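Have a look at the structure below before the remarks.
Quick note: residue numbers are just sequence positions, from 1. As a basis for the values below, the full set of heavy atoms in this structure was taken, side chains included, without hydrogen atoms, waters or symmetry mates. Remember, it's 1-based here, ligands and their atoms both numbered in the order they're listed. The shown structure was predicted, so the numbers you read here are calculated from the model rather than taken from an experiment.
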Amino acid sequence: MNAHADPLRFPPGFVWGAATAAYQVEGSPLADGAGPSIWHRFSHTPGRVRDGDTGDVACDHYRRYPEDIALMRSLGLQSYRFSIAWSRVLPEGRGRINQAGLDHYARVVDALLEAGIAPNITLYHWDLPAALDDRGGWLNPDIADWFADYATLMFRTLGDRVPLWSTLNEPWVVADGGYMHGVLAPGHRSAFEAAIAAHHLLLAHGRGVQAFRASGARGQIGLVVNLEPKYPASHSPADLAATLRAEAYMNRQYLDPVLRGTHAEELAEVFGEAWPAPRPAEQMAVIREPIDWLGVNYYTRSVVRADESAWPQRASAVPQRGALHTETAWEVYPRGLTDTLTWVKNRYGNLPIYITENGSAFFDPPSAEVDPLPDPLRTQTLHKHLAAVHAAIGAGVDVRGYYAWSLLDNLEWAHGYSKRFGLLHVDYATQRRTRKASALAYAAVIAANAL
Ligand SMILES: N=[N+]=NCCCCNC(=O)[C@@H]1[C@H]2[C@H](O)[C@@H](O)[C@H](O)[C@@H](CO)[C@@H]12
């Protein structure tokens, strides 16, 4: 239902979906010949993940995907965004192919197509094969070749019937979380390594797009980035400069090279001595290989002030007391989604955009005693962000679809299972799925293609 006199209608053909990622939902990380990933290692390293949680079982989606696809169908989902676990299909990340891994994902794709649900595949959602990390992982320049070979294998296997692909999920989080601050796998803490990883992530992305074009695969390929609009806390020169550094570091660091062929100028200041010499022109050309669509993951905004103690961008977020916040301490700020989408259009042109993730973690009980399980805050937050997408479309932004994060409650990385983003509640003790009220609210929007 909506409070407007007239419903907010979405364009004909607007794609409604939900998203997950392999390590967060599949479980069975070493089944059927799969090799370990860096997240298998990281979660099994004491102290790295809250409560010692791991992805050993997760939502058992590796085995229960037929049931989950039936649930997607019952909600009227038209597309499902999920990721391939690289080390299932290439246990050492390169060389030897594990046919059982390829067969698994072919079965998932075929089951989705049978259910009338369009697959949207993410090639890399943070779970690097551990064997590649042993060779330096994202710090080794050869990883662009390793990724291109992996991508080519997937395009040859599934490229005839998967309409949407993306190379990387949130390269900013991979470099910032995995190499700058060390809070995500592989847990390094170095500005020098973060800058190197960022460049190799961009190179791998470009090589992946080139591999897609060379493979003759049908469909369209994109890049998925997390964008968080930065608003200055004041108009003081210090706060304005800090806001630009924060925006360059999170929002322009990857989009400028991919869509403009240049690096955000503030990054040399942010990285300081760790910022490498200008990259070779031929590498910048690979990075700039044209993409068909952009995936935007939106969760929150930040209000920014200068803060000399905040490393590396010397800027920090000003708490927005009084505003609604999620369990991940993110301010609920739907207007930021509209602002972000219009910012992308104004800075990079009107390329097709999918909202590849948007959602919120609010408290849900460990077991669901009723179906649907009431989740008013998540339902309210969903409606407000869909209205924000509608406003961006009204402002001329070419938004093609929206994927709710997430289909299922799942392993929220270093937070373990303590944060629940799912439209479907998962009782981890029994693996029972229960629809939340937000799932039914979303199903009603999909059925009407309107809010
Ligand atoms: N400071 N700060 N601000 C916010 C920065 C957000 C960065 N994290 C994400 O976007 C992750 C994305 C990921 O794809 C998914 O795998 C995660 O489960 C969701 C939920 O966490 C989101």
- Task: Classify the angle between the aromatic ring planes of F147 and W138 as parallel (below 30°), tilted (30 to 60°) or perpendicular (above 60°).
- Result: tilted
So the atoms of ligand 1 within less than 4.0 Å of a heavy atom of Q24 turn out to be 15 (C), 16 (O), 18 (O)
Note: ligand 1 atoms sitting under 4.0 Å from heavy atoms of E228 are 1 (N), 2 (N), 3 (N), 4 (C), 5 (C)
Side chains of Y80 and D68: do they bring a donor and an acceptor to under 3.5 Å? no
Here the atoms of ligand 1 under 4.0 Å from any heavy atom belonging to H125 are 13 (C), 14 (O), 15 (C), 16 (O)
Side-chain contact, heavy-atom cut-off 4.5 Å: Y403 with Y354? yes
Within the 4.0 Å heavy-atom cut-off, what V173 brings close to ligand 1 is side chain
Sorted by chain and number, sequence neighbours left out, salt bridge (Lys or Arg N to Asp or Glu O under 4.0 Å) with D307 holds for R305
A student comparing F421, Y299, W413 should find that the heavy atom closest to atom 19 (C) of ligand 1 comes from Y299
Less than 3.5 Å between some nitrogen or oxygen of E170 and one of ligand 1, yes or no? yes
Per-atom filter on ligand 1: closer than 4.0 angstrom to a heavy atom of N169 are 14 (O)
Salt bridge (Lys or Arg N to Asp or Glu O under 4.0 Å) filter on R432, not counting sequence neighbours, yields none
One finds that the ligand 1 atoms under 4.0 Å from a non-hydrogen atom of W126 are 13 (C)
Min over E412, K419, R301, E357 of heavy-atom distance to atom 13 (C) of ligand 1 lands on E357
Please report whether the ring centroid of Y65 lies less than 6.0 Å from that of H104. yes
* Does R88 make a cation-pi contact with Y62 (under 6.0 Å, within 45 degrees of the axis)? -> yes
